[in-house]
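Comments concern the structure below.
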Amino acid sequence: MCGIVGYIGTKPVVPVILEGLKRLEYRGYDSAGIAVVCDGKLAIRRAEGKLRNLEESVRLKPFEGSYGIGHTRWATHGRPTEENAHPHRDCTGEIVVVHNGIIENYLSLKRELAAQGHTFRTETDTEVIAHLLEQEWKQSPEALLEQVVQRVLPRLSGVYALGIISTRDPDKIVAARNGPPAVVGLGQNEFFIASDIPALLHHTRDVFFLADGDLAVLARSGVRLMDFQGRPVNREITHISWDPIMAEKGGFKHFMLKEIYEQPRAVRDTLLGRISRDRGDVFLDEMELTAEDFRGFTSARIVACGTSWHAALAGKFLFEQLARIPTDVDYGSEFRYRDPLVNPSQLTVLISQSGETADTLAALREARGKGSKTLAVCNVVGSMLTREANGSLLTHAGPEIGVASTKAFTAQLAALVVLGLYLGRTRGALAPERAVEFMEEFDRIPAKLEMLLNRDQEYEALARRFYRARDFLDLGRGIHYPIALEGALKMKEISYIHAEGYPAGEMKHGPNALIDENLPVVVLAAHDPRDPASVTRYEKTISNIKEVKAREGEVIVIANQGDTDAAEAADHVIEIPTAPELLLPILESVPLQLLAYYIAVRRGCDVDQPRNLAKSVTVE
C-alpha cells in the first residue's frame, strides 16, 4: 500500500519525487514525507494526510537537493501523524529510512537499542531500522552505507522494501527488497527507485525489478546490484512500452489475473497492525464507535450488494460464531424499500469496495436515520461511505481495476474476520487463548493463498473441458454456501455462462431435476478435520457428490490436500491447504476465480470489462 520514490541525477530532486508520489496515490496512504541532501546536509519535510499537505509544507519552507527519497504511508504502527510519517531518522540525524512492509520483531529490537542509549521519537517499526544502522556504524565507522545495510538486514524479521540515504556516505541511495515490490529505473545520467512503474514512466521506460533478497546501490555513475551477502547479481532490464494504465498490469495479461495474484498481499495488508498474536487482542481503526458501543449492541445487520453481499453472508457466520451476536444480512437494493426494523442497539455494517455504491449508501442513511450506529467495510479511503459512517474498517486491498471483484472480496472476508474477532473479544464471547490460536492460523492464510497460485495448467485443462458448458451449479454447506454463490457469480460475470449457487443440503428440494451429463457441478468440500461439526458437514457434502454422480453429473470438487474420499467421489479435484472452518472461504475463493477466468479467456470474453457491468455502481 505504501509508496516509495527515490531519485539521484541532474534534475531538481524535490519536484521529481513529489510527482512520483502523486503517481502512486492510487495505492492509498494517510501521510507523506520527503528527505533530500543538499550541501552535505539532510532536509526533511513530512505531513499528515494527502500530498497537498506535504506540497504546502514544501511551499512554506522551500528546499532543494541533488538526491533524495520520498514516501506515502499507510499507518500500521502508530497513528497517521506528521511525527510518524516517513522518512525516519537515527539519533544523529545522519541516516534516513523509508520502508514498506512490517518489521515483526521491532519491539525486541527497540528494547535492545533503548538499553544501548538510543532515543526513539515515533511509534513506528521503521524507526528501529535507522537506529540499527546507526549502531552498526558505530562499530564499523569505516564501512560503506551498503555494507552497514547488509549487516543489519539479517536482524530484521518481516517483510520490507527499503530506501536509505545518509550524509555519512553521500551521493548514493541504497534499496533492499524482501516482500513488497521495488523497481529500479534507468535514465540518462539519472536513476530511480520506486514501489511501482507508474512513478517512473514519465522519466524512463527502462527498468528492472528487485527480487527478494536484492540490494541495489544507486549512484550518479550507475546502479550496482547485489544480494544481501554482497555477491553481485544481475536482473534483466525491461523496456516498458505500455502507457501508465497498462503498466499497472505488471506483466499480467489482464487486470483480473493480476488482482487474483495480489490476494496474498491484499489479505496480509488487511491484517497488518490489527491483530496481536501475543494476547489475542484486536485493534480497529480510529472511529466514533467505542468499545462500550460494541459491548452494548444486541444484534448486527450487514448490508451490501453483489460480491460484497456474499462476503456479508460469510460475515453472518463469523459474527455469530466468534461473537455470538445475532446477525441478519440484507441486499442494499432491498433494504430501504421494506421499512426495515432498526433500533439503536443494532450495529449496521455496510460493505462496498468503492464506498460509492448507491444502494449501499442509501441503506446507510436509512439505518442511520432510524438510530442505528454504522460501520463501513471499504477499500477506498475518503469515499462517501467512509465519510458518512460512524466508523470504517479499510480493507487495504489496493486499487481494483477489473470489474469482477477478486482481491477486494478476499480482503473483505479478512476484514470481517478481524471485526468478528474484535466483537468476540470485546463482548467476552471469545476467550484470549482461543483468540490467540485462531489468530495464529489467520496469520498463515496469506502464505497458503500463495500456495494456490501458479497452477495455470490445472485451470487451463479444466477450461478446455468446460468452456462450452451452458450452465454451472456451485454447491456448499454452512459458511461455504456464500462462496458457492460467489463462484457462480464470477462464472456468469466474465464468461457469460449461466451459473447458480445453492446450499448443498437443498439439492433434493429442486435442483436435482437439473442434473444430467451436460451439467458441471462445483462442490466445496474443504473442511477442518479437527472440528467435529465441520467433519459432519463434510460427510454430508460427500453424500451430495454421490447424488450428483448417480444422476450422471460431472463434479469438480474443491477439497483438502490429500483428501482421497473426495477425490474418489468426484471427476476433478482442486486441492487447497487445510485451515479452520471460518477461514476456509478465503482459500476457496481463489480456485473459483481462476476457474472462471480461464474459462472466460478460452471463450474469448473481455474479462476485465464484462458487458453491461461497471466497477462502481453509483446509481440505483
Side-chain angles (χ1 to χ4, degrees), residues 246 248-266 306-307 310 400-410 448-476 480 483-501 518-526 553-559 561 566-567 570-577 585-613 615:
M246 289 292 290
E248 292 175 18
K249 287 185 181 179
F252 288 92
K253 185 175 181 180
H254 297 100
F255 281 114
M256 182 179 177
L257 187 60
K258 174 179 180 283
E259 288 155 7
I260 289 172
Y261 273 72
E262 287 177 335
Q263 287 176 114
R265 192 272 311 153
T307 284
H310 299 151
E400 189 179 61
I401 297 170
V403 167
S405 184
T406 52
K407 65 177 180 175
F409 175 68
T410 49
K448 291 182 178 182
L449 284 171
E450 288 167 348
M451 295 170 58
L452 293 173
L453 301 170
N454 299 309
R455 286 156 61 175
D456 296 358
Q457 292 181 343
E458 183 176 348
Y459 295 102
E460 287 174 346
L462 288 170
R464 285 194 297 273
R465 174 71 186 88
F466 293 112
Y467 79 99
R468 290 192 179 93
R470 298 185 63 180
D471 303 278
F472 265 84
L473 183 63
D474 290 43
L475 303 176
H480 309 281
I483 310 308
L485 289 171
E486 174 61 14
L489 177 61
K490 283 292 153 287
M491 187 66 72
K492 69 182 73 168
E493 278 183 313
I494 63 170
S495 74
Y496 314 145
I497 295 174
H498 171 257
E500 187 173 356
N518 297 315
L519 181 69
V521 181
V522 179
V523 181
L524 301 178
E554 190 164 359
V555 176
I556 305 165
V557 65
I558 296 175
Q561 288 175 329
D571 299 285
H572 312 275
V573 181
I574 301 173
E575 294 187 337
I576 67 172
I586 300 176
L587 300 175
E588 291 170 331
S589 301
V590 173
L592 295 175
Q593 294 164 358
L594 287 169
L595 180 64
Y597 171 81
Y598 280 102
I599 286 176
V601 170
R602 188 85 179 178
R603 289 167 64 91
C605 301
D606 185 346
V607 296
D608 283 336
Q609 296 181 330
R611 66 190 183 202
N612 307 329
L613 300 177
K615 186 62 188 171

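Predicted model only: the values in this text are computed from it and were never measured. Below, each value reflects all heavy atoms present in this structure, side chains not excepted, and no hydrogens, waters or symmetry copies.
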| request: Check whether the side chains of T410 and Q263 place a donor and an acceptor atom closer than 3.5 Å, and report yes or no. | output: yes
| request: Measure the spacing between NE2 of H498 and NZ of K492 and express it to the nearest 0.5 Å. | output: 5.5 Å
| field | Closest non-hydrogen atom pair between A559 and A566, with its separation | value | CB-CB, 3.7 Å
| task | Would you check if D471 and L473 make a side-chain contact, meaning some heavy-atom pair closer than 4.5 Å? | result | no
| query | At their closest point, which heavy atom of Y467 faces which heavy atom of I497, and how far apart are they? | reply | O-CD1, 4.1 Å
| field | With E554 via side-chain hydrogen bond (donor to acceptor under 3.5 Å, both in side chains) - residues at least two apart | value | R465, H572
| said: Between P610 and I494, is there a side-chain heavy-atom distance shorter than 4.5 Å? | reply: yes
| field | Student check: side-chain heavy atoms of V522 and M491 closer than 4.5 Å | value | no
| field | For the student: nearest non-hydrogen atoms of K490 and S405, plus distance | value | CE-O, 2.6 Å
| request: Taking all heavy atoms of R603 and all of Y496, pick out the closest pair and write down the distance. | output: NH2-O, 4.2 Å
| Just by modelled atom types, is the M256 backbone N or O under 3.5 Å from a matching donor or acceptor in the D608 side chain? | yes
| message | Could you check whether any side-chain heavy atom of V557 comes within less than 4.5 Å of a side-chain heavy atom of I574, counting everything from C-beta outward? | response | no
| message | Is any side-chain heavy atom of L452 closer than 4.5 Å to one of P577? | response | yes
| query | Do the side chains of K407 and R265 get nearer than 4.5 Å, heavy atoms only? | reply | yes
| Is any side-chain heavy atom of I556 closer than 4.5 Å to a side-chain heavy atom of F466? | yes
| remark: Note: L489 and G306 closest approach over all heavy atoms is CD2-C, 4.2 Å
| task | Starting at CG of N518, measure out to CZ of R468 and round the result to the nearest 0.5 Å. | result | 13.0 Å
| request: Please examine the side chains of L592 and L524, heavy atoms only from C-beta on, and report whether any two atoms are closer than 4.5 Å. | output: yes
| CG on L485 to CD on E500, rounded to 0.5 Å | 9.0 Å
| said: Can you tell me how far apart CD1 (I558) and CG (L475) are? Round to the nearest 0.5 Å. | reply: 11.5 Å
| task | Considering non-hydrogen atoms only, spot the tightest contact between G402 and F255 and give its length. | result | N-CB, 4.0 Å
| task | Look at the rings of Y598 and Y459 and say which category their plane angle falls in: under 30° parallel, 30 to 60° tilted, over 60° perpendicular. | result | parallel
| query | Between CG of L594 and OH of Y261, what distance do you get to the nearest 0.5 Å? | reply | 6.5 Å
| remark: Interatomic distance, CD1@I260 vs CZ@F252, rounded to 0.5 Å, equals 9.5 Å
